[in-house]
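Any value given below was found using the heavy atoms of this structure, including those in side chains, with hydrogens, waters and symmetry copies removed. Lettering of chains follows the sequences in order, A, B, ..., and the numbering in each one begins at 1. Just so it is clear, the model here is predicted, and its values are computed rather than measured.
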Amino acid sequence: AKPLVIGFSQVGAESEWRTANTVSIKDAAKKEGITLKFADAQQKQENQVKAIRSFIAQRVDVIAFSPVVESGWDTVLREAKRANIPVILTDRAVNVSDPSLYVSFLGSDFVEEGRRAGRWLVERQKKTPDAVLNIVELQGTVGSAPALDRKKGFEEVIAGNPKLKVIRSQTGDFTRAKGKEVMEAFLKAEGKKINVLYAHNDDMAIGAIQAIEEAGLKPGKDILVISIDGVKGAFEAMIAGKLNVTVECNPLLGPQLMQLAKDVVAKKPVPKRVVTQEGVFPAEVAAKEFPNRKY
Amino acid sequence: MFVQHPLFRPLAALAILLLIDFVMIPGFFHLEIKDGHLYGSLIDIANRAAPLILAAIGMTLVIATRGIDISVGATVAISGTVAAMLVGGTMVMNNGTPEYVANTPMWIALAVAMGAALLCGAWNGALVAGLGLQPIVATLILMVAGRGLAQLFTDGQIITVYYQPFFFLGSGYLFGLPFSLYIVAAVFIVTALLLRKTALGLFIQSVGINPVAARLAGLKTAVLIFFVYVFCSACAGVAGLMITSNIKSADANNAGLLLELDAILAVTLGGTSLAGGKFSLAGSVIGALIIQTLTYTIYSLGLPPEVNMVVKSIVVFVICVSQSAEFKNMWRRAFPARGGKA
Amino acid sequence: MTTNLSAPVLELRGISKAFTGVQALNGVSLNLYPGEVHTLMGQNGAGKSTLIKVLTGVYTPDSGEIVLAGRSIQPQSTLDAQNLGISTVYQEVNLCPNLSVAENIFIGRYPRKLGRIDWAGMARQASELLERMQIRIDVTLPLAHYPLAIQQMVAISRSLLVSAKVLILDEPTSSLDEKEVDLLFSVLRGLREQGMAILFVTHFLDQTYAISDRITVMRNGEREGEYLVGDLSRVDLVNKMVGAVATGEAPATAVETPSEGTGQSRFQSFLRAVGLGRKGALQPMDLEIRQGELLGLAGLLGSGRTEAARLLFGADKADTGTITIEGKACNFASPRDAIGAGIGFCSEDRKHEGAILDLSVRENLILALQARMGIMRAIPLKRQQQLAEEYVKALGIKTASIETPIGSLSGGNQQKVLLARWLVTDPKLLILDEPTRGIDVRAKQEIMDYVAALCKKGMSILFISSELPEVLRVSDRIVVMRDRKQGGEYPRGALDETSVLHVIAAGDTHVS
Amino acid sequence: MSHPAPSITSSPYFTSLITVFLLVVLLGAGGAAYPGFLSLQVMFNLLIDNAFLLVIAVGMSFVILSGGIDLSVGSVLALTTMICAYMLQTWHWNPVLVIVVSLAIGTVFGAAQGALIHYFKLQPFIVTLAGMFLARGLCYLISINSITIDDPFFVAMSQTQLPIGDCFISPGALIAVALLAVAIYVAHCTPFGRAIYAVGGNEQSALMMGLRVARTKVLIYAFSGFCAALAGVLFSFYMLSGYGLHAQGTELDAIAAVVIGGTLLSGGYGYVAGALTGVLVLGSIQTLIAFDGTLSSWWTKIVIGGLLFIFCVVQRVMTMRGNKK
Ligand SMILES: Nc1ncnc2c1ncn2[C@@H]1O[C@H](COP(=O)(O)OP(=O)(O)OP(=O)(O)O)[C@@H](O)[C@H]1O
Ligand SMILES: Nc1ncnc2c1ncn2[C@@H]1O[C@H](COP(=O)(O)OP(=O)(O)OP(=O)(O)O)[C@@H](O)[C@H]1O
Ligand SMILES: [Mg+2]
Ligand SMILES: [Mg+2]
């Protein structure tokens, strides 16, 4: 039979996480003998829309994409539906008036990641029940979905605990350089008052850890460091005792996506929401887990 | 007179910003000795501004010839990733103590990285001076493709460096001050001397103001323009090494992102016109310091990140307007008594 | 002739204007009557252009009053002045090089058809207008295609289009040759008949006496006096401009004899061009320039003189022909090569091809020398200053200091700086394309003497000028150009003004 | 000047024609390489997907022709989507009123920049750069979340497909093309349009010739602001959402489109119609890459750069050749 053709529109290559995600999808497609039409959107929604339109024009069997942003997909997805091409979302959800516009959503739940980070901290706080923990937060890119959701989830959990207080929150644009720069400013402004750092991704945490060290403090001890994603660098930092915990956000969606696509084309029923398996990795397990990390 | 000096206004803007910091942020000017070097907000600003200053110095010369180079950020990414990949280094666990080994001797890595940056400059220079493409499209090509190249080298990964001596460039200290400041000072002094002691400054200005007349007067306009783009990329290359060394890793996608815009902004804040011609190297340095101080101030004030851009834009508007000659006239008209006495 | 009985249409009372370091105008008054041509004369930097700019709203005067038809006015912009009925042609051509010739004439007052611009009609009207000046060109091409002289005519045509009460022309004739000047004057006379008041600036005494009814002389930013033409002899006029006591002899009539015609043989060939040509610009021509010789290039507007000069200098690339200098074949790919071979070229278009406006007099002056010495061997500042001071003095350049930007010098003084730029390089061959454009009578004489003296010392000069008498007076030999090709070569004294005109008009007539 | 002036002056249409020719070559190559590439719908998609860019590029053309630059357009676009979304979703205003108000806001924003540029003699680059930060920043002040628009009128505009044969085109694309037509008329047949060229050719001379330079410049930036806002409205139709991160870097795309279309960045030379060619060139490059579908993220960037390079170099070389003749 003709090989299955999937059109996949990726957000871009803005982080290691994303690159791992891309690699996983490409590898899985190759393994399954599926033809993958890959389009990179360079972080722009309008480029994704263009790519999806061109997939429709090319009459692919399945369209999959990681939306840059939640809103604004109604029109183009309607076009896909009219062309009878099923759509699968990966990594991020969309916000559409008619849920039948896509068949399934495969990916992580950013809010839940934020909550997990929060829960770890709440647990941790129980060790020192009397102390107030001052938190500084390094947000992702202003307005981006992971930044909004990870902030929301985290806040939701710590809201119940009066001893946990976010004293500073600023964007570090998901990058090491900005994370370091902002943390430096925090350290000068708040000094020793800072007890906890919550970073929306590992890269910012790694940058901030350097700033903490340069300030003569011990990351992981003087300041607890919590981050999200679980990339290799984070594990190295944990092994060195500089990072306390990272909440995994699994980029290896390839195999699951290919399976879903095959099922959809075979007209098998598929779940509307497939949550990826993700863990929380505190420093204690880092050394053991490190060899298993693929990205 | 001192007030009429072209650097007076940029300096005044910087002073006012620092004054605001002094009032609003307790301990802003506090400096202490930590681990044998100076530590404090001012040091952070200077340290963080270093790559921007370098980029602005290079950009100043390009702008003086009526050009523009929007590929600075891409060049930063290229030189940074090349250096990081070559130095690389591995962390070897030796009886529980980590040890660091470089892949390639560091000086070779640095030389190759700078070579890559110079190639970028030569590419831009050839397109602008040789083919006569408009500078903005000519450099747009590298801006788009350069970052892609850097990512191609790294396979989209962030390259972490595990080689201690490499970190000295961006986060080391010499005589209590960040080492990067010495690099900036050296580049600045060399450039200033080059402009002062040779006819380079005169030639660049001539080409910027009236290229036709400059050619008729016997200048090698094309060679000059080519050189200026190479120089700009070289500055960007050093900035890239500095950034990479500072965060101990090279992030091809984000390193130096939008640095070109900040560099151009620094040049204009320093009083150099984008129309080419007269320029001020010192002004550009001050412009870069203004930008970095502003960024740092925003972080330190504890403002929510949503307002960052609004604050930044308003400060830029205010500085520009207050620097304009028309504003001075209006001021004089509004307060004639003071103007009369002065 | 003017009737002093009628009231002045325009009155300037006690106008003063200072720039940093210069009092450009000091209490200047002027009356302009309807139906007169009023000539403003004065040395370079006397304040003529500044006065005109104050009058037309480009500058605001520090003090003084402008009265137009009995009403005090304060024009804030050129547009204001235009609306008040003052139409102006400024000294430097102020047109848009990217727009077509027709548009440059009509912009701001387009002929309309159904609300939109009537392009065809505009082109037709523009052609007609220029044809009145006997200029037949494609008016739909961008202005930048045409040489400076044409641009100047376009600027004049533009000013004639407005139905104004007052017409101001600041050195409109500086790069026109006699034919164009005559045409312009006949137009001006027509306008005078219609009662228009015309303020005219020129450095040519002949033109002044040919057209003016009245002369105002300015000196050092002040009004020296106002005279009826008949009351002022040439000698007096020059003395009043210069401010010297009458010596009884007008400088313009002083005839210099550079080198005797008999001395021809002592010239050795310096440069020889064979079949030098460029498609669409110059038909292949031969030219020989000898050492220590002043070779004049005569011809009408558009005859190809500038193009020939540019080819010799490598500013444009020649399609055909060879150049040999002192027996060695040369191939100039750029002006730099030519400079290396000892050639200098002072362009006719000082605004676009000469002055680097924001740079100082000193920097402009040493630019070519520095370019020749190369980038690494910077001329020490002391030496630069010394050179600048020397030439400012030698050529009588009027400037506040040598650090003043050249852009704030008067037109004539800019021209002198550019001339000095080449003189400091001490070239073996200096090509001067309209070098005395906009330079006052006295200074012109001095400059040409200076140049002639250099010639005596062995420098060759290729001299291009629209002023035929000047070419005839100073040249050792004259090459006449016609229709972009060589039209004949004549030794000194073989031609006089009428015979040159004859050659230019009729072709290769042999004159004994 | 009697010597050959800058190439583009000697044959004004030439570069534009070359650009069109190269565009056709580009499309032809795509058609040969990828089946289905040359279908009518793909061509229409070029217009549909780039309508907003075309609108911005038209405004940008005016600015660049006058010798200026406007970096704020991308942000103003985003701000407009945000304002539209907010007014529709929170205040439930009438959609037509919403559109009118947001267009007015964009126009005023542009005019204010123009006034700063002209009256304070500031550099367009820096003023509009600050304007870019400001507009983006204002988006976040309205909301850092994206806002979905479900107003029926907007939804209808978004989903209407005007059939042409068995293909379709969107209302947004038609609006963009109409704007282009109006802009071409304005640029070439009205005194305002010619004043833009004059200011771009030589501002000082334009002033000396008695043109209303102040008015012209403020109007140019106001028009660019209007175009950015209109592009924002089209973008709202297109995306049905308001978002502060929309259309990042669009200003560069627009500048590139205008310059590729044959307009000189130094002002005074070029055609507004070039904006369309430029936009189509950029769009075709992207479509080519999407049809190829094998490029990784970084190869995408490299290939875009490479195609841009080839395009610009061929354009330049052919222009030089053509002018030698
Ligand atoms: N914008 C300016 N800034 C400073 N000084 C100026 C400016 N414009 C003119 N000047 C000075 O004013 C004086 C008068 O200049 P102006 O141009 O009026 O002379 P002019 O009589 O027209 O001379 P020319 O015959 O050479 O054209 C000169 O000394 C000149 O240097
Ligand atoms: N009367 C005219 N009619 C048409 N074209 C003209 C006329 N006068 C000059 N030209 C233009 O002149 C140009 C060549 O002039 P060039 O500058 O080589 O001659 P020139 O002898 O140096 O003239 P000038 O005395 O103005 O410097 C051509 O491009 C031609 O279009
Ligand atoms: Mg004058
Ligand atoms: Mg000439």
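Scanning both residues, C:I107 and D:A198, for their nearest heavy atoms gives CD1-CB, 3.6 Å. Of all the heavy atoms in D:N202 and C:P97, the pair that sits closest is CB-CD, 4.3 Å. Nearest heavy atoms, C:I117 versus D:R194: CD1-CG, 3.5 Å. When all heavy atoms of D:S205 and C:K351 are compared, the pair lying nearest together is OG-NZ, 4.5 Å. Nearest heavy atom pair, residue C:K53 against residue D:M208, reads CE-CE, 4.4 Å.
For C:R158, the part lying under 4.5 angstrom from a heavy atom of chain D is the side chain only. Only the side chain of C:L99 comes within contact range of chain D, with heavy atoms under 4.5 Å apart. For C:N104, the parts sitting under 4.5 Å from any heavy atom of chain D are the backbone and the side chain alike.
Expressed to the nearest 0.5 Å, how far CG of C:N98 lies from OG of D:S266 amounts to 9.5 Å.
Applying the 6.0 Å contact sphere to CZ of D:F21 captures no more than 12 heavy atoms from other residues, nucleotides or ligands.
Between chain C and the options D:M209, D:R212, D:E203, D:H188, heavy-atom pairs under 4.5 Å are most frequent for D:M209.
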